[in-house]
Each structure stands twice: as C-alpha cells, then as structure tokens.
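Some notes on the structure that comes next.
Residue numbering restarts at 1 for every chain, and letters A, B, ... go by the order of the sequence lines.
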Amino acid sequence: MIKLFKVKEKQRELAKNANGKGPVKKQSAGELRLHKDISELNLPKTCTISFPNGKDDLMNFEITIRPDDGYYLGGTFLFSFQVSSIYPHEPPKVKCKTKVYHPNIDLEGNVCLNILREDWKPVLNINTVIYGLYHLFTEPNYEDPLNHDAAAVLRENPKMFQTNVQKAMMGGYVGQTYFQRCM
Amino acid sequence: MTAATPSRSRDLDKLLLRPGHLVGPNFEPGPELREDIKEYVKVLVVGAGGLGCELLKDLALSGFRNLDVIDMDRIEVTNLNRQFLFRLEDVGKPKAEVAAKRVMERVGGVNIMSHFCRIEDKPLDFYSDFSIIVLGLDSIEARSYINAVACSFLEYDTDDNPREETVKPMVDGGTEGFKGHARIIMPGTTPCFECTIWLFPPQVKFPLCTLAETPRTAAHCIEYAHLIKWDEVHSGKTFDPDNPEHMQWVYSEAVKRAELFGIPGVTYSLTQGVVKNIIPAIASTNAIISAACALETLKIISGCSRTLTNYLTYNGVEGLHTKVTEFVRDRECLVCGPGVLIELDTSITLRKFIDLLEGHPGLLLSRVSVTHRGKNLYMQAPPVLEEMTRSNLDVPLFDLMDKIPKDIVHVNGMAGKGDKKQSCLRKLRVVFNGIDGVTDVDMAGGA
C-alpha cells in the first residue's frame, strides 16, 4: 500500500487548501439498530414512550406503564432506558423512576427481569423488554425477590400484599418506607 | 542486488530490499521502499497498556518512524508487571506520554506523538491522517468506535468495489490470560469489527435477585455492593470505578456481605477485577499477540509478504494451539458494507424518496423510517416521533441532508412483498445529480 500513502500525502496537501471539511462520524451500529427497534415498536395500550432529549436522542428514553389489570391497576410507573453504543451486544440499562412496592423492583429502582441481565440475547429488542416490564406488574413473583419484604408478604398473605400495594400507590407508609402517590 | 547503504535494520532490509515468491501484490523492493516507510507512513497505536507498550516498541524497531499513541489512562502500580515501559516513579502519569518518551529515548530517529485523551475526543481528521491504525484495546466499545471511524472513510465506486485510496487498514490485537487474537481489517475487503461482533462472548451478568437474595460466590457479594448497596446508601451519587475511595467502600461492603453468608474469597483486587471487568493479563501473551500485529502492520504497509487472512487465534491454556480463520465480511454490514446506491434529483422530497424505496427493485421497502448522521428525518413509529418528524416529509431530502452532495443514509422498514415481508435495516448511498463535486464518483480506477 506504500505507493498509496505517497500519493495521499500529496493529495492531503492539496486538500488542505481546498476545503477543510472532513467526514463526520457515523452513527454507531448500536444507534442504528435501536433506530430500527424504536420505529418498529408495537406497544401495548398501557405503555407510552417519550424522548426527554428530543427526536434525535433515541439512546435515552422513558417508558410509562399504566397497568390495566392486577394489583397495580390504576398506578403510573415511569422507567428510564439507557442504551449503549454496542447495543444489542449489551442489554439496555433500565431503572424504575417511580418508587414502588414490588417484589421484583427494589426501592432504588433496580429491576429484576431476567432478559435485562442474564438472559439477554441480541435477538431480543426494546419491545420485548417493555412487555417484560409490563408483565412484572400483572404478575409480580416472589421467587425472584429484590424487595425481600414485599416478596415475603406476597408469598404468605396475598390479601395483605394487595392492601400494601394500594397504600403505597395512594401515597403513604408501608412499614418504615414512604411511597409517593402514583395513581 | 541493490547496493543499498547498510542500515540499522539490516535484517529488515532482507525483507524490504529483495524480491521473493511469497510477497504480497504490488511489492516493489528497494531502498526507496525502506525510506518511504520512514518518511510517508504514519501509524496510530490505540492504547498504551499491555499491548500498546509492546506494539510501540515492536513498530519502532521495525522501521516505522512516525508513530502516534493515544490512551486516556494513567499508570497504576498494577500495570508495572507487564507494561515494561513504565517504572515505579511513573505511577500517576499518563501512559501515552511515558510510553512515547521511553521508546524515543531507546530507539533513535523515531518520532512518537502522544495523545492523553479519550479516542472520542479527537476529530475525524485526526484519524484520517494515518496510514494504518493498530489497536491494543481491552473493550468492545472502543474497538467498535475506532472501527466505525475507520470505516467511515471508506468509499465505494459505482460497481460496489472499495476505492483503494479510501481504505484505512486496521490491525487489532486482544489478549485474555493465556489466550489472544490478532486480526487484520481491510474495510471493504475483510470483515470489519462489526461484521463479526458475535465473536465476542457476552459479558457475564448475574441476576439481580441472586445478588440480593442468594449470593453463592465472592463475585456475587462484590456485585451486590457495587450494583445494589451503593445506590441504597449514596442516593444519586454515581459510582466511579476510578475513585479508590469508592472502590474501597465497595470492597468493605462486599466483605460484610461475604461474612454474612459465609462466603470466602473477597479481596480488594478481586473487587477491582469484578467491578472494572478487568481481565487477567500475562506479559508474554501480550508480547506474542503484539508481535503478530506489528509484523502484519509491516506486511500490509510494505507488501513484503502476504498478510494474515484474516483472524489469528492463539490459545496457550492447555498446551498450545493456534489457528488462522478466514472470516467473511457481511456484505450488508451497516458499518463497512457498500449500501445500495441511490441517485436522486435535489428536488425530491422525503415523501417521494420513501415512495421510491418501495418501488426500488433491490429494496422493495415499505413503512420506511429514515435517519441521517444521527438526525431522525422520519420515523414511522412510535406516534410521538412520527408527529415530530412528519413535517419533514414535504421538504426536499437534499435540504434535510444539509445539501451534502453524497452521503450515507440509513433506512429501515419491511422488505419484500405480500406475506414474505421481513423487517430490515439498510444502508443507502445517496448521490444527488448535477451537483459539483460528485462528478468524480467513479474515478476509483484512476489512483
């Protein structure tokens, strides 16, 4: 290739005088794949999406879930998504921004959903994750607890769990923890 | 035989001054070649760590005179066992600067420019200046970034052949303990990094509930402190893996957790390893891989021998096994592929452009969304984005693309006809007719 570099050296000198406009960075492969995911979203009617940074930043977005069934009926729950440049080699980072009394979501907003961590596969997409999150509200499970107390109550006393969820969603204390109203 | 004046690199001369049967195409041996390598070739080494130190030394001793090195890290004590250009008194100094200085002190006539910054901080012009880029990195993100940059220089002629003068070759090395790989990437000819990203195994991620409820290993305890406990205690403050106080905090929390569950094995260095995802490094594996990379660099530049085709794996775990695999490129790769050439008039609106793709025999694309240089020109869904981009539909595409006469546009939608439709993402090379500067589209053969 050596000949080429000599030629290029001369070209470069010429180009410097002509126009200094170099090429612009391409979008990362992750961004492009996400673009596809987003434009193909088929959300359940209980979920809405928003882009806090405008239409050109798809890598950070928010999902609002309003469950239409189950313990969490009537509540509104906000999740933030952060997608990396090597998506889908890596799953999106998802946090629950609404403090919620839930066996699989801790008080810091960490979410225990298998496809967000150990079972993530590049064939999955944003739609799958959103359905997964929605599913957590219709069927919370005590087998993968992040909020230990909530899981124990759900397992031993579903009625009381129901009451606690209602208390939390209305805004109030469950045990020592205060929850803001999210209905 | 040439009567060249003997040089310091006498043995190198045997490769560069004499013809041979096993040489690469277009090899022109002679003293001019040797001098041209010194004068015209600029090599960028990305990373000044375990591989980077070796690479700089190897390249400097292989006749390259103009080297640059870029690295954002500072020297740590734990680097010293293998990053041999550094000494104890260098701890805390930028790796790139010290590495450049040490090699220049040792190898006369070599000029190394150091860049103590992130690879993203440099403009594209910086990268376009180099003849070849050699990578000594430890992350997929960084490789993917450099690959995207190098491939962004690539242009294709009207027959979808890469234009030689736009090819920015890369040589990539990587090691993990006793294992390593060396590969060459000639964008447009060999697979690029993105074509074969599946070669990298996914990072191990533990289920959060395992961390929270049933830790079984030392790593579980460390990840608990790092991912769950940190947020619980430091509300809002982000964890910084390069802050020793943060690391110390995670370590002591992990120890408490491990004691609670009777799990042995939590140490400070394991904590660093798990949290920063540090992979064990062995000096000699780095040396082997770097040597292969430096030699391939010399071969690509000089043509003195055929190059590796195109991916070498080295495995010294049980005995020694090494193998070269010829991976094939993904013709439809979004990063290095030619894309579909579309010629348009400047008056074509975005709406017309989208209609045109549906009728295009090579695409048959319906429900199209369009993006250009990070700007979403039109999105079919979700409704919120469709609304925000709808007004673009009646604007000429040329204007939406900032009147750039030819550029890459990415589209996605449903390809095919009838019930055989399949969702897909495509790269398009849009060229506008009748604009100055595009007349040279097929000058590729000229150079």
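Contact of B/M379 with chain A is made through the side chain alone, with heavy-atom distances under 4.5 Å. Residue B/F200 touches chain A through both its backbone and its side chain, counting heavy-atom pairs closer than 4.5 Å. Using a 4.5 Å cut-off between heavy atoms, B/C333 does not touch chain A at all. For A/E90, the part sitting under 4.5 Å from any heavy atom of chain B is the side chain, from C-beta outward, and nothing else. B/V233 does not touch chain A: none of its heavy atoms, backbone or side chain, sits under 4.5 Å away.
Between B/Q380 and A/S39, the shortest heavy-atom distance links the atoms CB-O, 4.4 Å. The minimum heavy-atom distance between A/K36 and B/L425, with the atom names listed, is CD-CB, 3.6 Å. For the pair A/H35 and B/S369, the tightest heavy-atom approach, listed with the atom from each and the gap, is CE1-CB, 3.8 Å. Smallest separation of non-hydrogen atoms from B/A212 and A/L146: CB-CD2, 3.5 Å.
Atoms CZ and NE2, on A/R33 and B/H410 in that order, are 14.5 Å from each other to the nearest 0.5 Å. Note that CD of A/E118 and CG of B/L208 are 8.0 Å apart. Values are rounded to the nearest 0.5 Å. Put simply, NZ on A/K55 and OG1 on B/T389 are 7.0 Å apart, with the number rounded to the nearest 0.5 Å. With rounding to the nearest 0.5 Å, the separation of CD in B/E194 from CD1 in A/I86 is 9.0 Å. With rounding to the nearest 0.5 Å, the separation of OG in A/S28 from CG in B/N147 is 11.5 Å.
A heavy-atom distance below 4.5 Å is not found between the side chains of B/T210 and A/R117.
Contact residues of residues 98-110 of chain A toward chain B are A/D106, A/E108, A/N110 (heavy-atom distance under 4.5 Å). For residues 156-183 of chain A, an interface with chain B (any heavy-atom pair closer than 4.5 Å) does not exist. Heavy-atom neighbours of chain B within the stretch residues 56-73 of chain A, taken at a separation under 4.5 angstrom, comprise A/D56, A/L58.
Ranking B/V204, B/T214, B/L227 against chain A, the residue ahead of the rest is B/L227, based on heavy-atom pairs under 4.5 Å. Most heavy-atom pairs under 4.5 Å with chain A, from the set B/H372, B/E386, B/E213: that is B/E213. Annotation: maximal heavy-atom pairing with chain B below 4.5 Å, among A/N42, A/I38, A/L43, A/L32, occurs at A/L32. Note: B/C424 leads B/P123, B/G303, B/C424, B/S144 in heavy-atom pairs under 4.5 Å with chain A. Looking only at heavy-atom pairs under 4.5 Å with chain B, the residue among A/P145, A/A29, A/S85 that has the most is A/P145. Of all the listed residues (A/L41, A/D144, A/N147), the one sharing the greatest number of non-hydrogen pairs under 4.5 Å with chain B is A/D144.
The side chain to side chain donor-acceptor pair (under 3.5 Å) analysis of residues 223-233 of chain B, with sequence neighbours excluded, yields the pairs A/K95-B/D231, B/E223-B/H226.
For B/H234, the NE2 atom sits in a packed shell: over 12 heavy atoms of surrounding residues, nucleotides or ligands are nearer than 6.0 Å. Atom CZ of A/R155 sits in a crowded spot, with more than 12 heavy atoms from other residues, nucleotides or ligands closer than 6.0 Å.
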